[in-house]
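This is a predicted model, so every value here is computed, not measured. Naming: A, B, ... by sequence-line order, numbering from 1 per chain.
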Amino acid sequence: MTINWNAIEDKWRKRWNETKDFETDPNDKEKKFITVAYPYPNSPQHIGHGRTYTLADVHSRFYRMQGYNVLFPMGFHYTGTPVLGMAKRIQSQEKEILDGLRNIYHVPEEDIKTFVEPIKIADYFHEEIKSGMIEMGYSIDWRREFTTIVPGYQKFIEWQITTLKENGRIIQGSHPVGWCPRDQNPVSQHDTMGDVEPKIDDKNYLVKFKLDDFIFPVTTLRPETIFGVTNLWANPNTVYKKIKADNERWIVSEECAKKLEFFEKEISIEGDIVGSELIGKYATALHNGSEIPVLEADFVEPGMGTGLVMSVPAHAPKDYQALMDLKAAGHELALKIEPIPVIVTEGYGDIPARDVCERLGVTNQSDQKLEEATNELYLKEFTGGKLNDRCGKFQGIKVEFGRDKVREWLQDNGHLERFPVLENGPVRCRCGTECVVKILSNQWFLNYGDEEWKEKARDCLDGMNILPNKIKTEFKDVIDWLHERACARQQGLGTKLPWDKDWIVESLSDSVIYMAYYAISRFVNDGTVSPENLTKEFFDYIFLDRGNIASAAQTSKLPREVIEMMKKEFQYFYPVDSRHSGRDLVQNHLSFFVLNHVAIFDRKYWPKEIVVNGSVMMDGAKMSKSMGNIIPLRTAIRDHGADPIRLAIISSAELLQDADFNMESVSGIQNKLESLLEECSNTKEGKIDNLEAEDRWILSKIQSMISEVTDAIEKMRLREALHDILFSFESDLSWYRKRTEAKGRKNISGILHRIISVRVAMLSPFAPHISEEMWERLGHSNQVSKSAWPEYSKESVDATSIQAEELLKSTIDDIANILRVTKITPQKIVIYVNSDQFRLTVYRKILGIMVRGQNNMGDVMKELIADPETREAKKMPDYIQKVIKDLHSESEVIKEMKLKSKGFDEKEFLSLELGDIGRKEFGVEIQVYSESDSDIYDPKGKARHARPFKPAILIE
RNA sequence: GCGGGAGUCGCCCAGCCUGGUCAAAGGCGUAGGGCUUAGGACCCUAUCUCUUAGGAGUUCGUGGGUUCAAAUCCCACCUCCCGCACCA
């Protein structure tokens, strides 16, 4: 039988649709609000995207069956810049992107033509992604759908950002960004040739010296070494510029002068000065007024920093070597200069730079080994060095901390400025222009560095359920590490800052509390309210319970009952019960989600849970367009069916692990589901009466499966749950079949029907379509998605039958074991069960001792001897030891069960049950004796080895 | 540098939080058998070593430690992977 997956899926999706199953309004039931980070529509979703949504859908469906009123909504995140870059690339007919659209995503040519407009791209993929979500069977309430650039949402974002500002969460400051001088715009990865992210090194500084009437600025990464400066370096072959920078006159390289224009400075060029003219002059160090000579050095590059460098020969190998070279050449001034050590580091002598250079055998200032020497020393001194007594009030401070202190001190005195540089330059904009670093003044920041805010976020996290639990610490670390974060951009789609219309609310900042908007989006969508109704007073009243209904009604021009209805809707669904997202968003979105909630909402609306999942690999490799191993989700659904894809995604890895998706697992799952479906067709409901031992056992087993699966899903260990339903239980079932077949029973269809119904019900959140089909074939009249989640019932667990069945299994195993080792063909098998009352008493006593946690031989023996009833046990240490060993190899659950329940008659049970199964397995009769039977057949004296739950065996 | 994670029986991977049910699940591969005209699919059996009585030995990156008992807890080390921002 081959299943037409798509036909079955269609059929059931239509049914769900007809009854509007997933449209959720407030009611009397308890609610669950499940959300997923909405997609950014610049490409169709592939299997990797499907993971997060599938997990959330399983979660939603599980809660629905448990009787909750579950809201699972979806939106689309249009905010941001990537589609802008895409549109530009398409306009310029870039082959790579066009090929991708045509060959991997199969976008129709007439649609590609429209893609020169960014919104058209988003619109196209929005529909594409949505169709995929529907085809995957996600139980989404589509009435609440929105994009982040519709007017209603923009009103909401304006309210959000205004509220944050009013709450003092937004500050203004300056910030360096990668910048295209021609486009007059910041550049991100999507705007550059080759898609490189411009990396900015913001730890680079400019320190001012004075030379005559001019400022002589040098750049450095190590401001703390200012105390060890012996001289300055200039390149004699470079033509420097005399410039006016704001109100000061500076000497810098031409390249530097250009960079400075982007650092909020008024720059004008006044004239040239050749490097050689600077050589030999004396400059003044501003921090202590000392006079310092300018010397020549070839290694000074005009393109690096200001084109001028300060020399710290004690700690900078390059400076040291350049000085040595001059001395060797007999340079008069240089001969007078000695390195000034300012940092003490274990493992290095007085002049660390000399140590390193000598050890590595550096010969001159153009030696390649200087790079290595520099790296080593910088790192070692930073992590292990301490400032010495030449550093004034900074003496004794570790370099690690001292650097920032010295920097602040110099900065406060106006001797130092930041000089951010492009770390991975040159980076080119798509327009071909080389990018620069620009310091944006008047940038708006969310003040995530605020300690009070952080504390509140930690408080929220403490009360939250984070799945898997182990990444809770990661969240805390992120909170600790966060600082001011720009929340506005100058380009891209989105919402304008209400108070500064030059800026657009940055895309990660407009997606942090939007889940609240789902509560009202459906009223906007159905026309109950329009965007202009959504005033600040309206939002304040609904979300914050601030202000009053009168002003909300007056400003929004909405009837009071409409406002109250929407407020109720929000209060019913909020807070978010579970937020699903990928692991990569822990550092930003998910943390901001927490921070913004605590900054805006009352404690009772703080989120309850975050579920984080890993990414999806394709046949062990990371999915990427360039590798061509991306499978669009809709293609996969069409080829393999939605349910097999869902299960393959879930079963390939536990929550946080990266899932490896491969086609073998999909077909394995298809086969499994096919055989399950066939089983459903063949299993009819039947009467259940006269339970036999194995019936009681399998019915008990299904109870433990219910409990395990439920428990696993609650912790979102879906792989484990699915595995239990689909595979683990199979081994119990096959034992059951073996037993019933051996007995030749025909009356088990009722029991099988009950068991498979439970399995299908539990499977349905995972594979919703095929489960409906199975459920129907099983003869149920309702839909499985509307049936109740199977509930664990303790009363259905029959402890004695579990023990008895375990005994039977282990006896069969033992016989098989003996046969394997001895390789004999059995003619006759004889079983001897223990009947010695004293041994049984001792056994139960030991069991009791072990359940309490006492496990070693000595302690057990002591306890036995202490009890008059079991004192004689000391004569049988061998027996005691074996019993302890037997019990060790049993689970705690079974041990406790054994202890609690009364014993049962082993002989009676085995005589009754062993015959059939023995004939089937070994083809011979099995006789069962009790050790004390008078008619016992025991030619080899095996019977005395029998122990409780461990009969002795004779095979001839 | 800062922070996070991983190393398991041919391969992939579960178990570790909560120590004993662990020679360690599942999948793949391999070998044998069944079914089949054949192939595929499916089902059964085996798959660290030794073993003619249900047993023993050596294993979970390396080396120590705690414990009656360690894949699991603690310490040190080795190796590998990921993130470090204004970008979705």
Side-chain angles (χ1 to χ4, degrees), chain A residues 2 37 39-40 42 77 79-83 175-178 186-191 197-200 378-379 382-383 400 440 443-446 448 468-471 473-474 477-478 480-489 492 506-509 511 583-589 614-615 620 651-654 656-658 660 662 664-665 667-668 670-671 674-675 719-720 723 726-728 730-731 734 806 810-811 813-824 850 853-860 884-885 887-895 940 942 945 950-955:
Chain A
T2 312
Y40 182 80
N42 70 333
H77 198 196
T79 316
T81 55
V83 284
H175 175 71
V177 294
V187 285
S188 66
Q189 188 177 342
H190 311 280
D191 308 314
E197 175 81 34
K199 285 199 172 167
I200 291 161
Y378 274 31
L379 184 61
F382 180 71
T383 51
E400 212 178 328
L440 287 180
Q443 168 66 286
W444 297 96
F445 293 90
L446 278 162
Y448 290 146
N469 198 260
K470 62 177 165 187
I471 52 162
T473 49
E474 202 172 320
D477 287 333
V478 173
D480 287 348
W481 159 87
L482 277 170
H483 51 82
E484 303 73 30
R485 187 191 164 92
C487 62
R489 304 201 83 199
E506 183 270 331
S507 52
L508 279 175
S509 306
S511 58
R583 149 147 246 186
D584 48 332
L585 297 187
V586 170
Q587 319 231 358
N588 41 57
H589 169 77
S615 61
S651 69
S652 60
E654 211 47 90
L656 204 54
Q657 215 79 41
D658 286 345
D660 188 12
N662 55 62
E664 288 100 81
S665 65
S667 66
Q670 281 177 330
N671 293 330
E674 267 176 38
S675 63
R719 173 198 166 110
E720 192 178 312
H723 204 268
L726 242 30
F727 300 104
S728 308
E730 205 69 33
S731 65
S734 76
E806 294 299 324
S810 67
T811 307
D813 279 353
D814 282 348
I815 295 171
N817 239 329
I818 295 169
L819 290 176
R820 190 182 316 129
V821 175
T822 58
K823 300 188 180 75
I824 53 178
M850 286 181 69
Q854 200 67 266
N855 282 316
N856 84 43
M857 174 79 187
D859 293 335
V860 171
I884 291 175
K885 204 168 171 208
L887 288 171
H888 262 323
S889 62
E890 281 183 11
S891 76
E892 295 299 319
V893 185
I894 293 274
K895 270 187 261 182
K940 293 207 175 153
K942 294 273 185 193
H945 296 300
K950 190 79 179 170
I953 298 165
L954 171 70
I955 301 177

With a non-hydrogen cut-off below 4.0 angstrom, is L508(A) in contact with a base, only sugar-phosphate, or nothing? base

Check nucleotides 52-54 of chain B against the protein and report each pair of N or O atoms closer than 3.5 Å, with its distance, or say if there are none.
from: U52(B); atom 1: O4'; to: V821(A); atom 2: O; distance (Å): 3.3
from: A53(B); atom 1: N6; to: I955(A); atom 2: O; distance (Å): 2.8
from: A53(B); atom 1: N1; to: I955(A); atom 2: N; distance (Å): 3.1
from: G54(B); atom 1: O2'; to: D814(A); atom 2: OD1; distance (Å): 3.1
from: G54(B); atom 1: N1; to: P951(A); atom 2: O; distance (Å): 3.2
from: G54(B); atom 1: N2; to: D814(A); atom 2: OD2; distance (Å): 2.6
from: G54(B); atom 1: N2; to: P951(A); atom 2: O; distance (Å): 3.1
from: G54(B); atom 1: N3; to: D814(A); atom 2: OD2; distance (Å): 3.3

Does any nucleotide pair with U79(B) by Watson-Crick or G-U wobble geometry, both distances under 3.5 Å, and what is it? A6(B)

Polar-atom pairs under 3.5 Å, protein N or O versus N or O of nucleotides 32-35 of chain B: list them with distances, or write none.
none

At a cut-off of 3.5 Å, list every protein nitrogen or oxygen paired with a nitrogen or oxygen from nucleotides 47-49 of chain B, distance to 0.1 Å.
none

When the distance from CG of L585(A) to C1' of A88(B) is rounded to whole Å, what number comes out? 8 Å

Search all heavy atoms of I953(A) against all heavy atoms of T811(A) and return the closest pair with its distance. CD1-O, 4.4 Å

As its Watson-Crick or G-U partner within any shown strand, both distances under 3.5 Å, C16(B) has none

Under 4.0 angstrom, heavy atoms only, what part of the nucleic acid is T79(A) near: base, sugar-phosphate, or nothing? sugar-phosphate

Please determine, for U47(B), whether a Watson-Crick or G-U wobble partner exists with both distances under 3.5 Å, and give it or none. G29(B)

Using the P atom as the point on both nucleotides, what is the distance between G27(B) and C43(B), in whole Å? 9 Å

CD1-CG distance between I955(A) and L819(A), expressed to the nearest 0.5 angstrom: 4.0 Å

Can you tell if the side chain of S509(A) reaches within under 4.5 Å of the side chain of L446(A), non-hydrogen atoms only? yes

In this structure, how many angstroms lie between the C1' atom of C68(B) and the NZ atom of K885(A), rounded? 15 Å

Nearest 0.5 Å please: distance from the CZ atom of R485(A) over to the CZ atom of F445(A). 10.5 Å

When rounded to the nearest 0.5 angstrom, what is the spacing between CD in E730(A) and NE2 in H723(A)? 11.0 Å

Using the C1' atom as the reference point in each nucleotide, state the distance between C22(B) and A69(B) in Å, no decimals. 13 Å

Hey, what do you get for NZ (K942(A)) to CG (L954(A)), rounding to the nearest 0.5 Å? 7.0 Å

Could you state the atom-to-atom distance from OH of Y448(A) to P of C86(B) in whole Å? 15 Å

Check: L482(A) and V478(A) side chains under 4.5 Å, non-hydrogen atoms: yes

When the P atoms of U52(B) and G19(B) are compared, how many Å lie between them, rounded to an integer? 39 Å

L819(A) has an atom CG; how far is it from atom C1' of U45(B), in whole Å? 14 Å

Suppose you measure atom P in U67(B) against the same atom in G10(B); what distance do you get, rounded to whole Å? 33 Å

Over how many whole Å does the gap from M850(A) atom CE to A69(B) atom P extend? 15 Å

How long is the straight-line distance from NE2 of H77(A) back to CG of L508(A), given to the nearest 0.5 Å? 7.0 Å

How far, in whole Å, is A46(B) from U62(B) if one measures between their P atoms? 29 Å

Could you tell me how far U8(B) sits from U72(B) if I compare only their P atoms? Round to whole Å. 14 Å

Pairing partner of C84(B), by Watson-Crick or G-U wobble and under 3.5 Å for both distances, is G1(B)

Starting from C1' on C82(B), measure out to CD on Q587(A) and report it in whole angstrom. 9 Å

Rounded distance in Å between the C1' positions of A23(B) and A56(B): 12 Å

Whole angstrom is fine here: how far is it from CG in L446(A) over to C1' in C86(B)? 11 Å

Watson-Crick or G-U wobble mate for G54(B), both contacts under 3.5 Å: none

Separation between the P atoms of G63(B) and A70(B), rounded to whole Å: 16 Å

Straight-line distance of K940(A) NZ to H945(A) NE2, nearest 0.5 Å: 11.5 Å

Applying the 3.5 Å cut-off to both distances, the Watson-Crick or G-U partner of A24(B) turns out to be none

For C35(B), give the paired nucleotide (Watson-Crick: N1-N3 plus N6-O4 or O6-N4; G-U: N1-O2 and O6-N3; both under 3.5 Å), or none. none

Whole-Å distance, L482(A) CG to G83(B) C1', equals 13 Å

For U72(B), give the paired nucleotide (Watson-Crick: N1-N3 plus N6-O4 or O6-N4; G-U: N1-O2 and O6-N3; both under 3.5 Å), or none. none

